[in-house]
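Here the structure comes first, spelled out in structure tokens, and everything after it is commentary.
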Amino acid sequence: MLLQLTDSHLMDDPEALMLGVNTDASLRAVLDLARRKEARPDLMLLTGDLSQDGSPAAYRRLRAHLADASHPVRCLPGNHDAPRVLRQELGDWAQPVHDLPGWRVILLDSTVPGQDLGHMGEAQFALLDQALRDADNRHVLVALHHNLVRVDGNWHDPMMVDNASAVFARLSSHPRTRIALWGHIHQEFDCRHHHLRMLGTPSTCFQFMLRNGRHAIDPRAPGYRWIKLYADGSIATGVRRLDAGTWAALRGQAAPEARAA
């Protein structure tokens with residue numbers, strides 16, 4: 001069992017609010033849910049925007065939130081992270097390759113300094129090529145922060161990976177690459193591109209949706225993704241979210257049933 005948590009947007013001040021949400025509190029609630037539902041994960045992936053401000057304090061609190069984890073944790077940076085600070089504070093969590101029975105997980109850095117869009121640079125392509133060559137007969141999951149395809153085919157996304165076609169060309173040459181997994185979009189996403197299953201996941205804090213071609217806040221609750229990886233390369237996956245009452249309490253609101261009463 002693999003778990004993906006993403007876009008926690010922790011800040012230097014643990015009491016700070018972002019779009020009305022205390023991101024530390026919402027992350028703790030999502031982690032509590034994962035602990036109740038997924039007793040023995042083999043790996044937890046944190047797919048970027050771990051911090052909103054790139055502060056050392058944010059990464060230290062993230063590590064503290066997971067201090068009792070008995071499973072490996074791996075992470076990669078997002079456009080709001082400070083990659084150097086992330087690697088300094090999270091150390092071995094930033095290793096780009098992790099092997100599970102029958103599978104290889106490859107973590108790529110799609111960030112561009114000072115930009116919100118994603119781009120795969122030559123160093124990351126070199127890392128990907130080498131990791132794919134060394135994967136032997138393992139199936140492969142590739143994780144990154146930025147999305148490789150548009151969430152809505154009718155909407156141009158200026159913040160996705162801008163050279164996604166080059167990434168797909170690399171992955172198509174390795175038929176055992178089964179999954180491309182990302183964060184960034186703050187919403188659930190699941191589609192196929194030839195032999196590749198492409199998955200996006202809700203944030204652990206606030207969610208986005210598209211409304212009339214613009215980003216808007218989605219009131220749905222935070223959550224995480226679970227993925228079961230099978231020896232034949234198939235997977236089972238789903239998203240779990242906080243219940244309405246917990247999410248309402250985190251935002252200082254009454255739950256819908258309470259308001260109706």
Side-chain angles (χ1 to χ4, degrees), residues 2-11 18-19 21 23 26-27 30 44-54 58-59 62 74-83 86 90 93-94 96 105-121 124 128 141-168 171 179-191 193 196-211 213-218 220-225 227 237 239 241:
L2 181 153
L3 303 183
Q4 181 203 9
L5 280 73
T6 194
D7 294 85
S8 52
H9 291 277
L10 304 185
M11 291 175 272
M18 187 174 183
L19 298 179
V21 179
T23 55
S26 62
L27 173 62
V30 171
M44 178 179 287
L45 291 181
L46 307 175
T47 53
D49 282 359
L50 312 183
S51 170
Q52 171 65 17
D53 55 15
Y59 298 118
L62 175 63
R74 294 291 179 267
C75 67
L76 53 86
N79 48 293
H80 287 285
D81 286 304
L86 181 153
L90 300 182
W93 286 10
V105 178
I106 304 172
L107 291 84
L108 299 175
D109 182 351
S110 58
T111 61
V112 179
Q115 300 288 327
D116 286 328
L117 59 76
H119 180 83
M120 203 61 62
Q124 290 300 300
L128 175 61
L141 181 155
V142 173
L144 66 164
H145 179 66
H146 295 84
N147 45 310
L148 291 170
V149 297
R150 292 181 289 183
V151 175
D152 183 335
N154 297 315
W155 177 72
H156 172 68
D157 186 349
M159 294 194 293
M160 62 180 280
V161 174
D162 67 356
N163 59 340
S165 59
V167 180
F168 284 127
L171 299 182
I179 305 170
L181 179 69
W182 55 70
H184 192 50
I185 59 175
H186 287 235
Q187 60 188 278
E188 185 175 353
F189 182 82
D190 187 345
C191 74
H193 180 83
L196 193 65
R197 184 87 172 265
M198 299 185 295
L199 300 170
T201 298
S203 164
T204 64
C205 50
F206 53 86
Q207 312 307 311
F208 288 140
M209 61 181 178
L210 288 173
R211 180 184 294 153
R214 294 178 178 272
H215 278 112
I217 297 298
D218 187 332
R220 281 183 288 187
Y224 66 92
R225 179 177 291 280
I227 307 175
T237 186
V239 165
R241 297 179 187 264

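Note that this is a predicted model, so its numbers are computed, not measured.
- Residues satisfying the side-chain hydrogen bond (donor to acceptor under 3.5 Å, both in side chains) criterion with S51, sequence neighbours excluded, are D53.
- By the salt bridge (charged side-chain N to carboxylate O under 4.0 Å, His left out) test, R74 pairs with no residue at all, sequence neighbours left out.
- The ring-ring contact (aromatic ring centres under 6.0 Å, His included) check on H80 picks up H9, with sequence neighbours excluded.
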Verdict with supporting geometry, L46 and L90, side-chain contact (heavy atoms from CB on, under 4.5 Å):
CA-CA 11 Å; L46 307 175; L90 300 182; 5.8 Å; no
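- With sequence neighbours left out, the side-chain hydrogen bond (donor to acceptor under 3.5 Å, both in side chains) criterion links R241 to no other residue.
- Take D157 and apply the side-chain contact (heavy atoms from CB on, under 4.5 Å) test, not counting sequence neighbours, and it matches N147, R150, W155, M159, M160.
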Can I get a per-line list of side-chain donor-acceptor pairs under 3.5 Å for residues 107-115, giving both atom names and the distance, sequence neighbours left out?
| from | atom 1 | to | atom 2 | distance (Å) |
| --- | --- | --- | --- | --- |
| D109 | OD1 | T111 | N | 2.9 |
| D109 | OD1 | T111 | OG1 | 2.5 |
| S110 | OG | H146 | N | 3.3 |
| S110 | OG | H146 | ND1 | 2.7 |

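- Proximity of T23 to Q52: side-chain heavy atoms (C-beta onward) are nowhere separated by under 4.5 Å.
- Residues satisfying the ring-ring contact (aromatic ring centres under 6.0 Å, His included) test with F168, not counting sequence neighbours, are H193.
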Going through the distances and angles, do M198 and V149 end up as a side-chain contact (heavy atoms from CB on, under 4.5 Å)?
CA-CA 9 Å; M198 299 185 295; V149 297; 3.8 Å; yes
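- Residues forming a side-chain hydrogen bond (donor to acceptor under 3.5 Å, both in side chains) with Y59 (at least two apart in sequence, or on another chain): D81.
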Would L27 and L5 count as a side-chain contact (heavy atoms from CB on, under 4.5 Å) here? Give the steps.
CA-CA 9 Å; L27 173 62; L5 280 73; 4.1 Å; yes
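- Considering OG of S8 and CG of L62, their distance stands at 5.5 Å, rounded to 0.5 Å.
- In this structure, the side-chain hydrogen bond (donor to acceptor under 3.5 Å, both in side chains) partners of T201, at least two apart in sequence or on a different chain, are Q4, R225.
- Between the side chain of H145 and the backbone N or O of T47, at least one donor-acceptor pair lies under 3.5 Å.
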